[in-house]
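Heads up, the thing below is written out as structure tokens.
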Amino acid sequence: MNLLYDERLDGPLTKTDRQTLLAEMRAAVPDLEILHAEEDLRPFECDGLSAYRAVPLLVVLPARIEQAAAVLRLCHARRVPVVARGAGTGLSGGALPLEQGVLLVMARFNRILELNPAGRCARVQPGVRNLAISQAAAPYGLYYAPDPSSQIACTIGGNVAENAGGVHCLKYGLTVHNLLKLEVLTIEGEPLTLGADALDAPGFDLMALFTGSEGMLGIVTEVTVKLLPTPRVARVLMASFDSVDKAGRAVGDIIAAGIIPGGLEMMDQLAIRAAEEFIHAGYPVEAEAILLCELDGVESDVQEDIARVRAVLERAGATEVSLARDEAERARFWAGRKNAFPAVGRMSPDYYCMDGTIPRRHLPRVLKGTAELAEKYGLQVANVFHAGDGNMHPLILFDANQPGELERAEALGGEILELCVAVGGTITGEHGVGREKINQMCTQFNPDEIGCFHAVKAAFDAEGLLNPGKNIPTLNRCADYGALRVHGGKLPFSELERF
Amino acid sequence: MSVDIVNADCSADLLTRVEAALASNTPLRIRGGGSKGFYGRAVDGAPIDTRGHRGVVSYDPSELVVSVRAGTPLADLEAVLADAGQQLACEPPHFGAGATVGGMVAAGLSGPRRPWVGAVRDFVLGCRVITGQAKHLRFGGEVMKNVAGYDLSRLMAGSLGCLGLLTEVSLKVLPLPRASASLRIAMTPATALAKFAEWGQQPLPISAACHEGEALNLRLEGGEGSVQAARERLGGEELDAGFWRELREHRLAFFADPRPLWRLSVPVHAALLDLPGDQLIDWGGAQRWLKSDAPAERIRAIATDAGGHAACFTAGMVDSPLQPLPAGLLRYHRQLKAALDPKGVFNPGRMYAEL
Ligand SMILES: Cc1cc2nc3c(=O)[nH]c(=O)nc-3n(C[C@H](O)[C@H](O)[C@H](O)COP(=O)(O)OP(=O)(O)OC[C@H]3O[C@@H](n4cnc5c(N)ncnc54)[C@H](O)[C@@H]3O)c2cc1C
């Protein structure tokens, strides 16, 4: 199924002439860097979901907030859609441009404005890279906790827009839990402050509402993040299992023992092999699954937790449990996990990364279901995931040059997500709906719920100019998709109990 | 479940009530236990009581998630969690025997542990809500991570019932700490603030920090080893752990003062504020309680200058107990209210006169 903007299903867009808009933009926003030649626009035609590409009308790269506000005012007046972009590492097509829209690149805003050790916070521009914040805070013994695997490249603005997570979320929370304040611009170019330097602000919690809103409610122009003291020690245990089921159950057992690990990740055999070949992390390539369990904090607590977790893992049937001997080995264990996507990428011309989250107790069932679906579609699936919080990343291997394979991969991905919804989970844990999962939103939410989302959108952007076609499907699209999905009057997985 | 609590699904009745209110344009005053009725503005509306709709819908301790009906007594929920060795880590105040889970989420107030683990809204994973279109809808879910659609469930936390009638919430829960110790060290408030700032940058297992009267009060929570080590390092005398409950519930002697009570929420590193009355510092400096007869404008000016805001916790003292919003923000609050509650039936005026 083609996921590019479809006016029939996603709503009409204003037709704008590139040259006219360019002239107006130049007049309205002095000194603004504007790209308009075909060859300059090309590099911006997609984000991390590279199967989908669209060349925008213009790409603008403001260097000052007033310029961004002026761009918004002009686009609002001319009814031109605006798509924001950070580093373009998003995996759901959130920053996929519109042929009839302007792409607003926020990456130039890359300054750390203030680092406040006593207040344990940092005020940064939206284009600052995630890792750069922790690097700047390190001399003070502080760090910024959410650590997406893409942290070398992705921007904090993009993290806010996606409510990004990382391997340490179970203990330290998602982006939304680590923010104090946002400065945003509405589509009218009006500045608003959401949240506060204090721990709360009067009124509705608009900061929480904007976090994860995928650039649909406003443009983030400044972010104040919380910083945490760097844990004294962090140790990682690696456990091997001869079955994915056992590994899945061990995850629940650790939590049930009252331990919240700093990180708790799982990889299946295909992912283990791919990572081992790529990174030489020292993973047991014969294992059906491994768990990586990081315990961090003060030395004595960590020692105690290691002993407890080791016992739990052994009881759960681990064939081997090893503790990273030193910092170098710990870094290697994590490097294998953090590079799992590119590692799998080396095994196959293309891969497609899913992001469903499920209640952990259904892990074995969903892994089994995924394997069955993979067989049905004749494709391989590697599983890498944030096991501690039930966030799965099945990676579907395919070759886009083989006719029909991309379509098969997408159909398989769609069914995996619907399986996640059927067991009481969600279609996206951290990568966002974007364009990619726009149809599956119709599975997760009913028309009234989707109606509510549209009402919220309209409260901030009545004309629907910010990132149209992303995140929330139109009811038209759902009706169309529903007609496609309901075969013989049966919903997918109608045999499963609905939660 | 070994703790016995009442289970009853009355959502159909609540929905019928909302339908009738919409049909007759009758504003509703949503109430649970009424324990937080003092908070916000008085609502002129027909009372709608959530307490019939109660009980735990699902709870699997190894998932760290509980789903519970809005009218469930908060004390019942806490008992169920404690029985499984878990807790609501944000330590919400009850402010009365009848406090309900719905009221706790709608008020969004958190206890002494808040700066270290997060506020009520940080633990909200999903909710069911009856909307201004008389639809019973579900947002968020029962999983730790979920970014599908806008985050309407966290938006409900602290919305004082102005955006819809909460019928059910799914909350993240956490294990009870393995070890805990509380201590008290005599010092001035200014020294205490300096200590909070110093300790805040170190990986110490602090889970509550308050300055009251003449002394600093600390709670340490974590593993036995770290708690004991910190306890030895910090010194001081032992403090009864019940102190934190009395603080959370506003039952310390400080709160008995007859003057109006104000809450100032300020940056954690704000200096000692020169306030017109008696103050108690909580949340490691981020929350300052004030007993004062001074006019609202004066108190608000001090809070604003310090980078925060102030709310009056004594009912009927000022027309807008919650700090008024700047014009731009107010406009979007009104638009959001109109989007979700177009007829204005849910708690009109509870948060602000304009909403
Ligand atoms: C190898 C790899 C690993 C990854 N691992 C993780 C992971 O572990 N956890 C995780 O959560 N994600 C992960 N991601 C996904 C991605 O990195 C995150 O979603 C990240 O937050 C996107 O940031 P970005 O700056 O690249 O944003 P972009 O991709 O440029 O944009 C993402 C969305 O944010 C909007 N946006 C960007 N900037 C702004 C702004 N200033 N104001 C308003 N809206 C804005 C865009 O319109 C778009 O909708 C991974 C991606 C890759 C390629």
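So you know, we letter chains A, B, ... as the sequences are listed, proteins then strands, and number each from 1.
Interface remark: of the candidates L163(B), L340(B), L330(B), L264(B), L163(B) forms the most heavy-atom pairs closer than 4.5 Å to chain A. Ranked by heavy-atom pairs under 4.5 Å with chain A, the list G200(B), G158(B), A119(B) is led by G200(B). Ranked by heavy-atom pairs under 4.5 Å with chain B, the list T193(A), N116(A), L227(A) is led by N116(A). Ranked by non-hydrogen atom pairs under 4.5 Å with chain B, the options I427(A), V176(A), I254(A), I259(A) are led by V176(A). Ranked by heavy-atom pairs under 4.5 Å with chain A, the list M156(B), E224(B), Q133(B) is led by E224(B). Annotation: maximal heavy-atom pairing with chain B below 4.5 Å, among V251(A), L180(A), T186(A), D355(A), occurs at T186(A). Chosen from D151(B), V268(B), L174(B), D122(B), the residue pairing most often with chain A at heavy-atom distances under 4.5 Å is D122(B). Contact count versus chain B (heavy atoms, under 4.5 Å) is highest, among S300(A), P202(A), A257(A), for P202(A). When each of Q287(B), R154(B), H309(B) is scored by its heavy-atom pairs under 4.5 Å with chain A, the top score falls to H309(B). Between chain B and the options Y140(A), F210(A), F460(A), Y172(A), heavy-atom pairs under 4.5 Å are most frequent for F460(A). For the options G108(B), P267(B), A197(B), heavy-atom pairs under 4.5 Å to chain A are most numerous at P267(B).
The distance from the CE atom of M144(B) to the CZ atom of R360(A) is 6.0 Å, given to the nearest 0.5 Å. Interatomic distance, OG1 of T230(A) versus CD of Q201(B), reported as 11.0 Å (0.5 Å rounding). Going from atom CG of L209(A) over to atom OG of S153(B) covers 10.5 Å, rounded to the nearest 0.5 Å. Remark: D301(A) CG to R178(B) CZ distance equals 6.5 Å, nearest 0.5 Å. Separating the OG1 atom in T211(A) from the CG atom in L155(B) is a distance of 11.5 Å, to the nearest 0.5 Å. L125(B) contributes atom CG, which lies 11.0 Å from atom OG1 of T357(A) (distance to the nearest 0.5 angstrom).
G149(B) and I472(A) get closest at one heavy-atom pair: CA-CD1, 3.8 Å. Nearest heavy-atom pair, P175(B) versus G258(A), reported as atom, atom and distance to 0.1 Å: CG-O, 3.6 Å. In terms of heavy atoms, K145(B) sits closest to E430(A) at NZ-OE1, 2.8 Å. Across all non-hydrogen atoms, the minimal contact from S62(B) to A256(A) is CB-CB, 4.0 Å. A pairwise comparison of heavy atoms in T426(A) and A148(B) identifies OG1-CB, 3.7 Å as the closest pair.
In this structure, the side chains of I255(A) and L64(B) come closer than 4.5 Å at one or more pairs of heavy atoms. You'll find the side chain of T131(B) stays beyond 4.5 Å of the side chain of D448(A), heavy atoms only. Looking at heavy atoms from C-beta onward, D60(B) lies out of side-chain contact with P359(A) at the 4.5 angstrom threshold. Between Q444(A) and N146(B) the shortest side-chain heavy-atom distance falls below 4.5 Å.
Using a 4.5 Å cut-off between heavy atoms, Y352(B) contacts chain A through its side chain alone, with no backbone atom that close. For chain B, no part of H454(A) is nearby; none of its heavy atoms comes within less than 4.5 Å. In this structure, chain B has no heavy atom under 4.5 Å from any part of Q303(A). For D253(A), no part sits under 4.5 Å from any heavy atom of chain B, backbone or side chain. Interface remark: P115(B) contributes backbone and side-chain atoms alike to the contact with chain A (heavy atom separation under 4.5 Å). Only the side chain of R120(A) comes within contact range of chain B, with heavy atoms under 4.5 Å apart. Only the side chain of L217(A) comes within contact range of chain B, with at least one heavy atom under 4.5 Å from a heavy atom of that chain. Proximity to chain B involves both the backbone and the side chain of K457(A), based on heavy atoms less than 4.5 angstrom apart. In this structure, the portion of L325(B) lying under 4.5 Å from any heavy atom of chain A is its side chain and not its backbone.
By the salt bridge (Lys or Arg N to Asp or Glu O under 4.0 Å) test, R121(B) pairs with D205(A), sequence neighbours left out. Under the ring pair (Phe, Tyr, Trp, His ring centres under 6.0 Å) criterion, F453(A) pairs with F445(A), F139(B), Y150(B), sequence neighbours left out.
Between the side chain of H269(B) and the backbone N or O of A118(A), no donor-acceptor pair lies under 3.5 Å. With R114(B) contributing its side chain and L199(A) its backbone, the two residues share a donor-acceptor pair below 3.5 Å. In terms of modelled atom types and a separation under 3.5 Å, the side chain of H333(B) and the main chain of F204(A) share a donor-acceptor contact. E449(A) places a side-chain N or O within donor-acceptor distance of the main-chain N or O of R138(B), the cut-off being under 3.5 Å.
Annotation for K135(B): atom NZ does not count as buried by contact number, only 12 or fewer foreign heavy atoms lying within 6.0 Å. A 6.0 Å sphere centred on CZ of R232(A) holds no more than 12 heavy atoms belonging to other residues, nucleotides or ligands. Heavy atoms from other residues, nucleotides or ligands lying under 6.0 Å from CZ of R231(B) number more than 12.
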Note to self: salt bridge (charged side-chain N to carboxylate O under 4.0 Å, His left out), that's the test. Do K172(B) and D389(A) meet it? Break it down for me.
What the structure shows: CA-CA 11 Å; K172(B) 177 176 178 176; D389(A) 33 38; over 6 Å; no
Next item on the list: Apply side chain to side chain contact (heavy atoms under 4.5 Å, CB included) to the pair L329(B) and L194(A), showing each step before the final yes or no.
Entry: CA-CA 9 Å; L329(B) 264 185; L194(A) 314 180; 3.8 Å; yes
Margin query: Please evaluate residues L206(A) and L336(B) with respect to the criterion side chain to side chain contact (heavy atoms under 4.5 Å, CB included), reporting the C-alpha separation (whole Å), side-chain torsions for both, the decisive distance (0.1 Å), and the verdict.
Written below: CA-CA 10 Å; L206(A) 299 185; L336(B) 193 56; 3.7 Å; yes
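The existence of a salt bridge linking R331(B) and E190(A) is confirmed by a sub-4.0 Å separation between a basic side-chain nitrogen and an acidic carboxylate oxygen. A salt bridge links E63(B) with R361(A): the distance from a Lys NZ or Arg NE/NH1/NH2 to an Asp or Glu carboxylate oxygen falls below 4.0 Å. In summary, D200(A) and R263(B) engage in a salt bridge, as defined by a charged side-chain N under 4.0 Å from a carboxylate O.
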